[in-house]
Amino acid sequence: MSQKITVTVKDHSYPIYVGANLLEQAGEIIAPILSRPQSVIITDENVARHQLSRLEKSLTNAGIAFSTLILPAGEATKSFDQLQSVLDQLLGLKLERSDKIIALGGGVIGDLVGFAASIYQRGIGFIQIPTTLLSQVDSSVGGKCGINTPRGKNLVGSFHQPDLVLTDVTTLDSLPERQVRAGYAEVVKYGLINDVDFFTWLESNGEKIITGDRLAQTHAILTSCRAKAHVVAEDEKEKGNRALLNLGHTFGHALEAECGYADTLIHGEAVAIGMVMAFDLSVRMGLCPQADAETVRQHLERLALPTRISDPKHALSNIPMTAQRLFDHTLHDKKASGGKVTFVLTRGLGQAFLCRDVAPNDIKAIFQQSLDAAD
Ligand code: GLY
């Protein structure tokens, strides 16, 4: 049993299927959208260990021939080197322009494969099979794809929508708990942006998502994907409100850059701290009640996510950082225009908005507050 959401952008529309054990049905779901019964699966070593045989068996049962490329796991895979290697292997496999490739994995695999698909022979189709909570609620939907460079995260990439997203919630069972908690930050994001009822639901049900309650997981993924589909339909290329989906990300990306994109701080954890900073900044600017910032902090703390740089329970607190260096990272943000960074601020729970007029001193002060905050 699966549930379906349709994403519609200007000249393209595609389904997201969400359900349990969909990997076993992947072959029959994918077969009708292939121009010939042939494909290439691209995944990473960790996902290959837990999920690959399920997908391979299903494709075989549906009569789909395939090759499999297994890449190293981790953020470092989103690189020019891996992109070149993937493109070279696809050329070697004589993939044709009407073929589609399959991304089986989390955000790293989805972003890299989507980007490779967008430039292989000027663009071929691809299918997202996201296996982490983070990719199921965010990165597999909406067509943003790309790689990192030593100068920053996702600085080279494209918008290339998938042809199908297939989300099997059972893949979350083999994910380390830390990864599920980090993905949860992106779930909370949707409540904080504009859906206070969803945030209220998460206050009671958030932990169930982590502990594997299928109904709670499915509800959270569907609600998140519906919200994202709505935003992407209105603003595919992020000319305006799509940037709201970056709540907490400008602060978070600065922290990730300072940690060298290492496992010390994974993306969702950076977003959790970043969202608290976005609320704190909004309080500082007199826009948001202090009580709402406190509610967000307490909710994320209850879900065992870090909420400040100096969190003594997190390895991040051992990395020397300064507010000035963190601030400098924000200037490289992709939302910068005319030298000014667009921040996602808020008037309270579920009331996020975009603002280009944030004083540098306020941004630095919020970094300093997060560096200083004590128990
Ligand atoms: N992850 C934010 C977006 O897709 O726009």
Side-chain angles (χ1 to χ4, degrees), residues 2-18 22 26-42 64 78 83 86-87 90-91 95-105 107 109-130 134-147 154-167 186 190 193-194 221-246 249 334-335 337 342 354:
S2 68
Q3 301 195 57
K4 180 178 159 190
I5 293 171
T6 303
V7 183
T8 303
V9 290
K10 208 164 151 229
D11 51 5
H12 185 62
S13 161
Y14 56 93
I16 306 170
Y17 293 101
V18 181
L22 286 192
E28 54 186 285
I29 295 173
I30 291 170
I33 66 163
L34 299 181
S35 62
R36 55 177 178 159
Q38 197 166 314
S39 187
V40 178
I41 303 169
I42 306 179
I64 301 170
K78 271 174 64 170
L83 176 69
V86 164
L87 290 170
L90 295 179
L91 289 165
L95 211 68
E96 296 176 0
R97 212 171 179 184
S98 58
D99 289 328
K100 298 188 197 308
I101 51 182
I102 302 173
L104 173 70
I109 287 295
D111 284 10
L112 177 76
V113 173
F115 189 36
S118 77
I119 55 177
Y120 182 87
Q121 295 187 353
R122 298 210 175 84
I124 61 168
F126 82 114
I127 292 158
Q128 288 269 24
I129 305 188
L134 189 138
S135 58
Q136 292 175 350
V137 300
D138 186 29
S139 62
S140 68
V141 177
K144 275 190 185 174
C145 49
I147 56 171
N154 299 333
L155 290 183
V156 174
S158 58
F159 289 96
H160 188 54
Q161 302 289 341
D163 294 293
L164 170 72
V165 182
L166 197 146
T167 291
E186 297 277 7
Y190 293 103
I193 291 172
N194 62 3
I221 294 166
L222 285 168
T223 307
S224 303
C225 288
R226 263 188 221 108
K228 182 143 188 191
H230 184 73
V231 172
V232 169
E234 310 247 296
D235 180 21
E236 181 190 4
K237 300 280 167 70
E238 200 169 295
K239 304 270 187 254
N241 274 350
R242 181 167 179 167
L244 290 170
L245 298 176
N246 298 321
H249 283 57
K334 288 189 296 311
K335 295 183 294 307
S337 158
T342 303
L354 301 174

Rounded distance [0.5 Å steps], CG in Asn154 versus NZ in Lys144: 8.0 Å

Heavy-atom pair of closest approach, residues Ser158 and Phe115: OG-CD1, 3.4 Å

Spatial distance of atom CD1 (Ile102) from atom CD1 (Ile30) [nearest 0.5 Å]: 4.0 Å

More than 12 heavy atoms from other groups under 6.0 Å of CZ on Arg122: no

Exam field: side chain Ser135 to backbone Ser140, donor-acceptor pair closer than 3.5 Å: no

For Pro130 against Val165, the heavy-atom pair lying closest together: CD-CG1, 3.9 Å

Minimum side-chain heavy-atom gap Tyr120-Leu95 below 4.5 Å: yes

Under 3.5 Å: donor-acceptor pair, side chain of Lys78, backbone of Asp111: no

Under 3.5 Å: donor-acceptor pair, side chain of Gln136, backbone of Thr167: no

Minimal non-hydrogen separation, Cys145 against Gly114, with atom names: SG-C, 3.5 Å

Worked verdict on Ile127 versus Ile33 for side chain to side chain contact (heavy atoms under 4.5 Å, CB included): CA-CA 10 Å; Ile127 292 158; Ile33 66 163; 3.9 Å; yes

Residue pair Arg97 / Ile124: nearest heavy atoms and the distance that separates them: O-CG2, 3.3 Å

Backbone N/O of Ser98 and side chain of Ser35: donor-acceptor pair under 3.5 Å: yes

Main-chain N/O of Leu34 paired to Lys100 side chain as donor or acceptor, under 3.5 Å: no

Side chain to side chain contact (heavy atoms under 4.5 Å, CB included) between Val231 and Leu244, worked out: CA-CA 9 Å; Val231 172; Leu244 290 170; over 6 Å; no

Sub-4.5 Å side-chain heavy-atom contact between Ile101 and Val113: yes

Residues 2-18 side chain polar contacts: donor-acceptor under 3.5 Å, at least two apart:
unit_1, atom_1, unit_2, atom_2, d
His12, NE2, Pro162, O, 2.8
Tyr14, OH, Gly142, N, 3.1
Tyr14, OH, Gln161, OE1, 2.6

Spacing of Ile42 atom CD1 and Leu90 atom CG [to the nearest 0.5 Å]: 5.0 Å

Any donor-acceptor pair under 3.5 Å from His249 side chain to Ala243 backbone: no

Closest contact, heavy atoms only, Asp99 versus Gln38: OD1-O, 4.4 Å

Heavy-atom closest pair, residues Leu104 and Ile109: O-CG2, 3.7 Å

side-chain contact (heavy atoms from CB on, under 4.5 Å) involving Asp235 - partner list, sequence neighbours excluded: Lys239, Arg242

Test log, rule side chain to side chain contact (heavy atoms under 4.5 Å, CB included), inputs Ser224 and Asp138: CA-CA 8 Å; Ser224 303; Asp138 186 29; over 6 Å; no

Spacing of CG belonging to Asn241 relative to CG belonging to Leu354, to within rounding of 0.5 Å: 6.0 Å

Rounded distance [0.5 Å steps], CZ in Phe159 versus OG in Ser118: 11.5 Å

